[in-house]
Amino acid sequence: MPTIVTHALAGATLVGLACRKPLSEPGVLPWLALCGAAAMLPDLDVVTFKLGIPYASPWGHRGFSHSLAAAALLAALLAWLARRIWRRAGLSAATATALLFLSVASHAALDMICDASFGPALFMPWSDHRYLSAWKPIEGAPLGLKRWFGPKGWRVVDTEFLYVWLPCAALWLGRGWWLRRAA
């Protein structure tokens, strides 16, 4: 799985591309921070390891919490809980909910291009099939801290930088250029 920081960056970037306001406008940064945090939420399911729920279980890691149904439920809940944030950013309820859905769902999309053994169960609860892309350039992040300080940790950093951070940086630069040009 990619690191949660990378999930946050990808989710905030997707939403940032849909936002036509400069980052300096009131409400925009808190809104993007919320969307970045929303993109990290599916990985709260790592608690299932401690509960003895097997990884391959539909209720284990990358199971229901990584599904599109869960993304829709989380988006609706977050939109309701954080209405002051999206209203301050000048969004409607429908737009905020849709963008939160994209942010949360981006988590599963990134997990699909990770070299993990089990992909996300996108269509839970209707199907427990796990989906992985044939193209898996991102090294799976280790769960234990000890493995971060070795070759595995560096491979994770390298692949996330190349396949997520650099493209996101390019998109943010392009967004800034586009907003300056449109002004």
Side-chain angles (χ1 to χ4, degrees), residues 1-23 25-46 61-114 116 119-127 129-133 135-138 141 159-161 163-179 182:
M1 73 183 159
T3 59
I4 59 169
V5 175
T6 294
H7 280 300
L9 174 65
T13 299
L14 274 176
V15 172
L17 294 175
C19 182
R20 296 181 182 156
K21 295 180 179 183
L23 297 177
E25 286 221 8
V28 174
L29 283 177
W31 166 244
L32 293 176
L34 172 68
C35 291
M40 295 188 286
L41 288 176
D43 271 345
L44 288 176
D45 69 359
V46 296
H61 184 55
R62 291 191 178 158
F64 179 74
S65 68
H66 285 59
S67 70
L68 297 176
L73 290 171
L74 280 170
L77 178 64
L78 287 170
W80 179 72
L81 290 172
R83 54 193 174 276
R84 288 178 58 205
I85 294 174
W86 55 259
R87 283 180 181 155
R88 189 161 182 241
L91 300 172
S92 69
T95 300
T97 305
L99 291 173
L100 282 163
F101 172 80
L102 282 176
S103 187
V104 176
S106 74
H107 187 109
L110 271 183
D111 279 359
M112 288 174 62
I113 61 169
C114 181
L122 291 178
F123 300 107
M124 271 287 292
W126 302 280
S127 168
H129 180 78
R130 304 290 187 112
Y131 293 87
L132 277 173
S133 171
W135 182 64
K136 297 182 277 250
I138 299 175
T159 59
E160 288 189 6
F161 183 75
Y163 293 104
V164 183
W165 288 77
L166 282 178
C168 285
L171 290 168
W172 281 106
L173 289 171
R175 177 191 183 276
W177 174 81
W178 181 78
L179 285 175

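Values below: all heavy atoms of this structure, side chains included; hydrogens, waters and symmetry mates excluded.
Taking each heavy atom of W31 and A96 in turn, the nearest pair found is CH2-O, 3.6 Å. When every heavy atom of K21 is checked against every heavy atom of A89, the shortest pair comes out as NZ-O, 2.7 Å. P2 approaches A141 most closely through the heavy-atom pair C-CB, 4.4 Å. Here the closest heavy-atom approach between residue S67 and residue A121 is recorded as CB-O, 3.2 Å. Of all the heavy atoms in S106 and S103, the pair that sits closest is OG-O, 2.6 Å.
Checked by atom type and distance alone, the side chain of S92 pairs as donor or acceptor with a backbone atom of T95 at under 3.5 Å. Formation of a donor-acceptor pair under 3.5 Å by the S65 side chain with backbone atoms of P42 is found in this model. Listed for the S127 side chain is no donor-acceptor partner under 3.5 Å among the backbone atoms of F123. In this structure, E160 contributes its side chain and T3 its backbone to a donor-acceptor pair below 3.5 Å.
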Which pairs would a plain distance check flag for residues 9-20, meaning a side-chain donor or acceptor within less than 3.5 Å of a matching protein atom at least two apart in sequence or in another chain?
residue	atom	partner	partner atom	Å
T13	OG1	L9	O	2.7
T13	OG1	W172	NE1	2.8

Identify all side-chain donor-acceptor contacts of residues 69-85 below 3.5 Å with residues at least two apart in sequence or on another chain.
residue	atom	partner	partner atom	Å
R83	NH1	W80	O	2.2

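Each of L173, L171, L179 was checked for a side chain to side chain contact (heavy atoms under 4.5 Å, CB included) with R175, and the lone residue meeting it is L179.
Heavy-atom contacts from other residues, nucleotides or ligands closer than 6.0 Å to CD1 of I113 number more than 12.
In this structure, H61 and D43 have side chains that are in contact, with non-hydrogen atoms separated by less than 4.5 Å. The side-chain heavy atoms of W165 and V5, taken from C-beta on, include a pair separated by under 4.5 Å.
One finds no salt bridge joining D45 and R62 here, because no Lys/Arg side-chain nitrogen approaches an Asp/Glu carboxylate oxygen to under 4.0 Å.
Ring pair Y131/H129: centre-to-centre distance below 6.0 Å.
Pairs passing the ring pair (Phe, Tyr, Trp, His ring centres under 6.0 Å) check and including a residue from residues 83-105, sequence neighbours excluded, do not occur.
Taking the six-membered ring for Trp and thresholds of 30 and 60 degrees, H107 and H66 have ring planes more than 60 degrees apart, a perpendicular arrangement.
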When you look at L23 and L32, which way does the side-chain contact (heavy atoms from CB on, under 4.5 Å) test go after all the steps? CA-CA 9 Å; L23 297 177; L32 293 176; 3.4 Å; yes
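In this structure, the separation between SG on C35 and CG on L100 is 4.5 Å, given to the nearest 0.5 Å.
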